[in-house]
Amino acid sequence: MPTSIPPPAPHAPWLRVLAAEFPDELRCGRLRVVPASRDRPPFPVEAIVVEEDAWQVLAADPAVRKPSDHPIRLLRELEHLAPAPVGSVLADEGSPLRLRAVIHDLDQHPSCRPEWVHAGLRAVCGEGARRRLTTLALPLLGSGHGLLPARQCAALLREALPRVRRGQLEKLWLIVGDVERGAVLEELLGAQR
């Protein structure tokens, strides 16, 4: 006998299930939240979010290229390099736009903390609203390099969803693996088993 997901808890009344059992999508007002794996994009996106650290190492291109500037000039630039603030977002133009959520500080242990993920989600929401994005791909921030449990990352996202829906965003592709999908959906809905 299939089990159904109970209705949202009182603290998340703006989420509702659109399908029985494991829904294909959730609604948060007019925002469609579609959980899907990285290899099965449910729709094209204008921007994709990736995890980044304060020194911008995690999302760097691993390909080694010959520098276009003289090495002395590069060293002088490195002398004045400062870390990006944890909780901020950096944008790389392109199609799709790449938003790097700075949620790691590799000089700290642990390198990722829930409050940094929360601040990073707020920064992503702000940048998305500023750019008037209508579609966005978002992994469970903190669960990639940060190794925070998927449920905890989903709880942080659930707290951020009301802020997300204030902007232009219509569709949010929540990048989750098939293994975590059920637990993430339960957490987003505020369901307890």
Side-chain angles (χ1 to χ4, degrees), residues 33-154 156-157 160 164 167 169 171-181 184:
V33 180
V34 182
S37 63
R38 188 171 299 280
D39 61 339
R40 285 180 272 167
F43 47 81
V45 294
E46 296 169 308
I48 185 164
V49 179
V50 296
E51 293 185 16
E52 183 63 281
D53 69 285
W55 289 104
Q56 303 175 42
V57 173
L58 291 177
D61 185 358
V64 178
R65 293 185 178 80
K66 183 175 179 167
S68 58
D69 289 336
H70 192 277
I72 302 275
R73 181 179 181 159
L74 291 173
L75 288 172
R76 283 193 185 129
E77 287 178 13
L78 284 174
E79 283 180 337
H80 302 290
L81 187 66
V86 176
S88 64
V89 67
L90 307 168
D92 296 330
E93 298 301 327
S95 184
L97 176 72
R98 192 168 171 227
L99 297 176
R100 295 180 287 144
V102 181
I103 60 168
H104 297 275
D105 184 346
L106 299 179
D107 293 331
Q108 303 287 321
H109 182 73
S111 70
C112 181
R113 298 183 182 155
E115 58 269 22
W116 297 344
V117 173
H118 190 262
L121 285 167
R122 283 196 326 263
V124 166
C125 293
E127 187 68 16
R130 189 179 75 72
R131 291 177 179 265
R132 299 179 176 267
L133 297 176
T134 58
T135 58
L136 179 70
L138 177 74
L140 281 176
L141 289 182
S143 68
H145 299 290
L147 301 177
L148 293 177
R151 271 192 182 276
Q152 185 176 14
C153 297
L156 292 165
L157 177 60
V164 172
L169 205 60
K171 294 189 259 183
L172 175 68
W173 168 22
L174 182 59
I175 303 171
V176 294
D178 293 333
V179 173
E180 300 93 12
R181 190 173 186 274
V184 167

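The analysis underlying the following values was restricted to heavy atoms, covering all of them including side chains, and did not include hydrogens, waters or symmetry mates. Just so it is clear, the model here is predicted, and its values are computed rather than measured.
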Problem set entry | Validation row: L138, L121 side chains within 4.5 angstrom (heavy atoms) |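 Counting from C-beta outward, L138 and L121 do come under 4.5 Å.
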Problem set entry | Pairwise side-chain contact, P139 with V50, heavy-atom cut-off 4.5 Å (strictly under) |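 Not in contact.
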Spacing of [X] atom [atom1] and [Y] atom [atom2] [to the nearest 0.5 Å]:
X    : Y    : atom1 : atom2 : result
T135 : L97  : OG1   : CG    : 10.5 Å
L140 : Q152 : CG    : CD    : 11.0 Å
L90  : R100 : CG    : CZ    : 4.5 Å
E180 : S143 : CD    : OG    : 7.0 Å
D69  : L75  : CG    : CG    : 11.5 Å
K171 : L169 : NZ    : CG    : 10.5 Å

For the student: nearest non-hydrogen atoms of [X] and [Y], plus distance:
X    : Y    : answer
D178 : R40  : OD2-NH2, 2.7 Å
S111 : L106 : CB-CD2, 4.0 Å
P42  : A36  : CD-CB, 3.9 Å
L58  : E52  : N-OE1, 3.2 Å
C112 : G142 : SG-CA, 3.9 Å
L172 : F43  : C-CZ, 3.7 Å

So does [Y] get a backbone contact from the side chain of [X], meaning a donor-acceptor N/O pair under 3.5 Å?
X    : Y    : answer
E127 : L99  : no
E46  : L133 : no
R131 : A47  : no

Exercise. Between H118 and R122, does a side chain to side chain donor-acceptor pair (under 3.5 Å) hold up when you go through it step by step?
Worked result: CA-CA 6 Å; H118 190 262; R122 283 196 326 263; 2.8 Å; yes
Exercise. Hey, mind stepping through I72 and R76 against side-chain contact (heavy atoms from CB on, under 4.5 Å) and telling me if it holds?
Worked result: CA-CA 6 Å; I72 302 275; R76 283 193 185 129; 3.8 Å; yes
For this session: Show the numbers, then the answer: is there a side-chain contact (heavy atoms from CB on, under 4.5 Å) between L141 and L156?
Result: CA-CA 9 Å; L141 289 182; L156 292 165; over 6 Å; no
For this session: Take L157 and V184, measure what side-chain contact (heavy atoms from CB on, under 4.5 Å) needs, and give me the verdict at the end.
Result: CA-CA 10 Å; L157 177 60; V184 167; over 6 Å; no
